[in-house]
Amino acid sequence: MHRLLAQAGMTFLGSANALENLDNLSVPGAMQPLLSNLASPALRERVKDLARNQHQRSDLFQRAPTPLGQPDVLRQVDALRFQALPRAPLSGPVTFRTPIGEIQGPAEVFSPLLERLAEGPATFAELRQLPAFSDALGTLSQSLQMLMWNGDIHPQRPDGLDTSEHVSRLAAWIERNQLKLQIAADCGTAVHRLDDD
């Protein structure tokens, strides 16, 4: 697939599954040095699949992507607004069930994030002002990705459009089909209801 898309002028950006972009959390440690020696992105992804015993992929590709400089990247990431979802813990530590086993997310990293998001939505720029992340943007980014993968938080929609009519129709459809979902309208998604065990 990578080869066919490359022939069509598409460039591999990464996985649509946030956790799969974090090699240290999704690939066994013994395999990680091998990955750094592989020059071909397609081969690197294939080795990751084998290491994870993964058979399905959800990849993102783009035609002729234009790399952004670090200030532009930070400006765009700073504008992302995150909110806690109904099942989010109120503080850490957080247990993540990953392809390489359970990983315990430390309270000193996850508690500040979860406690702040329990108060209400916050932008990346606001979250990086927390003392735990003021000098650790990589840790903040990775922690947010892990919480998204875990279903604890979600980025909000950036467009500000009034979607109340669509939300009402979706809510009626969910009710009619007796699905155990609740709508997170600001995120443009729906999540399992709290009573759905």
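In plain terms, the two heavy atoms of Ala84 and Ile153 that are nearest each other are CA-CG2, 4.1 Å. The minimum heavy-atom distance between Ser143 and Phe133, with the atom names listed, is OG-CE2, 4.4 Å. Of all heavy-atom pairs spanning Asp78 and Thr123, the tightest one is O-CB, 3.4 Å. Closest approach of Leu68 to Val73, counting heavy atoms only: CB-CG2, 3.6 Å. Across Ser15 and Leu60, no two heavy atoms sit closer than the pair O-CD1, 4.0 Å. When every heavy atom of Glu20 is checked against every heavy atom of Lys48, the shortest pair comes out as O-NZ, 4.3 Å.
A side-chain donor-acceptor contact under 3.5 Å links Asn177 to the backbone of Trp173. In this structure, the side chain of Ser168 engages the main chain of Ser164 through a donor-acceptor pair within 3.5 Å. Side-chain N or O atoms of Arg44 include one that pairs as donor or acceptor with a backbone N or O of Leu38 at under 3.5 Å.
Applying the 6.0 Å contact sphere to CD of Glu102 captures more than 12 heavy atoms from other residues, nucleotides or ligands. The 12-atom threshold is not exceeded at CG of Asp135, counting heavy atoms of other residues, nucleotides or ligands nearer than 6.0 Å. Remark: Leu4 CG is packed, more than 12 non-hydrogen atoms of other residues, nucleotides or ligands lying under 6.0 Å away. Within a 6.0 Å radius of CD in Gln7, other residues, nucleotides and ligands contribute more than 12 heavy atoms.
Arg52 places a side-chain heavy atom less than 4.5 Å from the side chain of Val27. Residues Phe124 and Arg128 meet the side-chain proximity criterion, which asks for heavy atoms closer than 4.5 Å. Leu5 is not listed as a side-chain neighbour of Phe12, based on a closest heavy-atom distance of 4.5 Å or more. Taking the side chain as every heavy atom from C-beta outward, Asp152 and Pro89 approach each other to under 4.5 Å. Looking at Val191 and Pro86, their side chains come closer than 4.5 Å, going by heavy atoms from C-beta outward.
No single ILVMFWY cluster, assembled from side-chain heavy atoms under 4.5 Å apart, contains both Leu22 and Leu13. A continuous path of ILVMFWY side-chain contacts below 4.5 Å connects Leu117 to Phe96, so both sit in one hydrophobic cluster. At a threshold of 4.5 Å between side-chain heavy atoms, the hydrophobic network of Ile, Leu, Val, Met, Phe, Trp and Tyr places Leu85 and Ile174 in two separate groups.
To the nearest 0.5 Å, the span separating CG on Leu127 from CG on Leu144 amounts to 6.0 Å. Interatomic distance, Asp59 CG to Glu45 CD, rounded to the nearest 0.5 Å: 6.5 Å. For the atom pair CG (Leu19) and CD (Gln145), the distance works out to 9.0 Å, reported to the nearest 0.5 Å. With rounding to the nearest 0.5 Å, the separation of OG in Ser26 from CE in Met31 is 11.5 Å. Distance CG/Asp23 to CG/Leu35: 5.5 Å, rounded to 0.5 Å. Once rounded to the nearest 0.5 Å, the distance linking CD of Gln142 with CG of Leu147 reads 11.0 Å.
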- Residue pair Leu74, Leu137: steps toward the side-chain contact (heavy atoms from CB on, under 4.5 Å) verdict: CA-CA 10 Å; Leu74 186 57; Leu137 294 185; 4.1 Å; yes
Do any side-chain atoms of residues 108-115 form donor-acceptor pairs under 3.5 angstrom with protein atoms, and if so which ones, sequence neighbours left out?
| from | atom 1 | to | atom 2 | distance (Å) |
| --- | --- | --- | --- | --- |
| Ser111 | OG | Gly92 | N | 2.7 |
| Ser111 | OG | Ala107 | O | 3.2 |

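When only modelled atom types and interatomic distance are considered, Ser36 and Gln32 share no side-chain donor-acceptor pair under 3.5 Å.
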